[in-house]
Amino acid sequence: MSHTLYEANAQRVQRCELAVPGSSPEMFEKALKSGVDFVFLDLEDAVAPDDKLQARKNIIQAINDLDWKGNGITLSVRINGLDTQYMVRDVVDLVEQAGAKIDTLLIPKVGVYGDVYMVDAMLSQLEMQEGLKNKIGIECLIETALGMANVEDIAKQGALSGRVEALHFGVADYAASNRARTVNIGGLNPDYPGDQWHAAISRMTVACRAYGLRPIDGPFGDIKDPEGYKAGARRAAALGCEGKWAIHPSQIALANEVFTPPAAEVEKAKRILAALQEAAAQGKGAAALDGRLIDAASERMANNIVRAADAIAAKTK
């Protein structure tokens, strides 16, 4: 193992993240009671330009008036892009008026680490100004060709900053940025022999795991295709993602199902750990279980499953 290791800036359960438009306050209470791990209140793509200012006010009121933490929800806000006139006041107003109750800000269309640094610097100054005891985390949407070309640097510098927690794969804008042909948001093109998002999600996931960040898969647009959603979630989970967005409450249970380790898988992981512990007591570095060799790598994989299951169990008690 390398002596260069990056520890996670924050550990959170993030099996599913529900997107809620800031211009639709009637959805806030439903999101609060949805049982989802994460909610991001959206100021960006889901809000029309004429509604941006009112959406910001709606979100600030919802953050202050509703008991998100009491309902087991980690609360994030997706701010507007750095290329808009809205972003600065998004960050300033959110932190000045509701900063103590915000867990993370989600930055859209991150292209270079400098985009992240700008928001990080603003947060540091505003936290000092307001005397906040909590440190607001940053999550980055990787959804452009430029962002994917720089994803390793974004992950590394973000990890070193101590504030970046996660990267998200924004499939819709990524497809547009690459001029990719796709049938729907997150769907597969039948003309492509396989999964055309595999390479991008894998690259982002590797960058996250190298530098201690959480990789999160983005949206699936067809809310009437639960099997398509689950198939996409399973592919993302197989590559190492910890969770996936929901753009409709009906997708929450689907994500939770896929990203919660099954009981049989957890039990097998515990048996692997017990068998290796017994082998170690006998001075052996490997063991056999169910006719298969298990070793130190098996232990690390099993520990991942058990830790994830324990974190989910602790959250859902």
Side-chain angles (χ1 to χ4, degrees), residues 6-20 22 31 36-46 59 63 68 73-82 87 90-91 94-95 98-99 101-124 126-127 134-144 147-148 150-174 200-201 204-205 207-219 236 240-247 255 259:
Y6 292 81
E7 299 296 331
N9 289 329
Q11 299 281 2
R12 305 184 195 269
V13 176
Q14 198 167 359
R15 295 168 297 174
C16 186
E17 182 150 357
L18 178 64
V20 183
V36 74
D37 295 330
F38 253 74
V39 166
F40 81 79
L41 303 177
D42 194 12
L43 287 168
E44 198 221 10
D45 278 358
I59 285 175
I63 294 170
W68 301 95
I73 290 174
T74 301
L75 186 64
S76 182
V77 180
R78 179 164 69 167
I79 60 175
N80 284 287
L82 274 66
M87 185 279 293
D90 284 349
V91 177
L94 284 164
V95 179
K101 297 184 177 182
I102 297 171
D103 293 301
T104 71
L105 293 185
L106 178 59
I107 307 174
K109 299 176 181 66
V110 172
V112 296
Y113 176 67
D115 299 338
V116 185
Y117 180 82
M118 180 177 182
V119 178
D120 190 348
M122 290 180 67
L123 286 174
S124 295
L126 287 162
E127 286 167 352
N134 59 304
K135 186 174 185 177
I136 298 170
I138 287 176
E139 301 179 76
C140 304
L141 257 168
I142 305 300
E143 52 183 342
T144 63
M148 192 60 70
N150 291 303
V151 69
E152 291 83 8
D153 186 61
I154 293 166
K156 180 178 181 179
Q157 299 303 325
L160 290 171
S161 77
R163 197 184 289 275
V164 176
E165 299 184 11
L167 303 183
H168 298 237
F169 179 58
V171 64
D173 278 299
Y174 185 75
I201 296 175
M204 186 194 78
T205 299
C208 285
R209 295 309 182 190
Y211 299 112
L213 309 181
R214 298 186 302 274
I216 306 297
D217 191 23
C241 286
E242 293 191 16
K244 184 171 177 61
W245 288 16
I247 62 169
F259 290 99

### Query
Does the side chain to side chain contact (heavy atoms under 4.5 Å, CB included) test come out yes or no for Val116 and Ser161, once each step is laid out?
CA-CA 10 Å; Val116 185; Ser161 77; 5.8 Å; no

### Task
Carefully, step by step, assess Trp245 and Ile216 under the rule side chain to side chain contact (heavy atoms under 4.5 Å, CB included).
CA-CA 8 Å; Trp245 288 16; Ile216 306 297; 4.1 Å; yes

### Query
How far apart are the C-alpha atoms of Tyr113 and Leu160, what are their side-chain angles, what is the distance that settles it, and do they pass the side chain to side chain contact (heavy atoms under 4.5 Å, CB included) test?
CA-CA 11 Å; Tyr113 176 67; Leu160 290 171; over 6 Å; no

### Task
Show your reasoning for whether side chain to side chain contact (heavy atoms under 4.5 Å, CB included) applies to Val95 and Ile102.
CA-CA 8 Å; Val95 179; Ile102 297 171; 5.5 Å; no

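When all heavy atoms of Ala159 and Tyr211 are compared, the closest pair comes out as CB-O, 3.2 Å. For the residue pair Thr104 and Glu139, the shortest heavy atom distance occurs at OG1-OE2, 2.6 Å. For the pair Leu167 and Val151, the tightest heavy-atom approach, listed with the atom from each and the gap, is CD1-CG2, 3.7 Å. Across all non-hydrogen atoms, the minimal contact from Pro219 to Ile247 is CB-CG2, 3.8 Å. Taking all atoms of both residues into account, the shortest heavy-atom contact from Val20 to Ala31 is CG2-CB, 3.8 Å. Scanning all heavy atoms of the two residues, the minimum distance from Val164 to Cys140 falls at CG1-SG, 4.3 Å.
Here Leu82 contributes atom CG and Met87 contributes atom CE; the two are 4.0 Å apart, rounded to the nearest 0.5 Å. Taking CG from Asp120 and CG from Asp115, the interatomic distance works out to 12.5 Å, rounded to the nearest 0.5 Å. Atom CG of Leu106 sits about 10.5 Å away from atom CD1 of Ile138, to the nearest 0.5 Å. For the atom pair Asn80 CG and Asp90 CG, the distance stands at 4.5 Å (nearest 0.5 Å). Ile59 CD1 to Ile79 CD1: the interatomic distance, rounded to the nearest 0.5 Å, is 11.5 Å. Rounding to the nearest 0.5 Å gives a distance of 5.0 Å between CZ of Phe169 and CE of Met148.
Applying the salt bridge (charged side-chain N to carboxylate O under 4.0 Å, His left out) test to every pair with at least one member in residues 152-162, sequence neighbours left out, gives these pairs: Glu152-Arg203.
In this structure a side-chain-to-backbone donor-acceptor pair under 3.5 Å is missing from Asp173 to Thr144. No side-chain donor-acceptor contact under 3.5 Å links Asp42 to the backbone of Ala19. Judged purely by atom type and a 3.5 angstrom limit, Thr74 has no side-chain atom pairing as donor or acceptor with the backbone of Phe38. Between the Asp103 side chain and the Ser76 main chain, no donor and acceptor come within less than 3.5 Å of each other. Side chain of Lys244 to backbone of Cys16: no donor-acceptor contact under 3.5 angstrom is found. Remark: side-chain polar atoms of Arg209 are paired, donor with acceptor, to backbone N or O of Gly240 under 3.5 angstrom.
Remark: of the listed residues Glu242, Gln14, His168, Gln14 is the sole one forming a side-chain hydrogen bond (donor to acceptor under 3.5 Å, both in side chains) with Arg214.
Residues Ile63 and Leu94 are in side-chain contact: their nearest non-hydrogen atoms beyond the backbone lie under 4.5 Å apart. Taking the side chain as every heavy atom from C-beta outward, Ile201 and Cys241 approach each other to under 4.5 Å.
The pair Lys135-Glu127 does not meet the salt-bridge criterion, since no charged nitrogen lies less than 4.0 angstrom from a carboxylate oxygen.
Residue Tyr6 places its OH atom among more than 12 non-hydrogen atoms of other residues, nucleotides or ligands, all under 6.0 Å distant.
Contacts of Glu44 classified as salt bridge (Lys or Arg N to Asp or Glu O under 4.0 Å), with partners at least two apart in sequence or in another chain: Arg78, Lys109.
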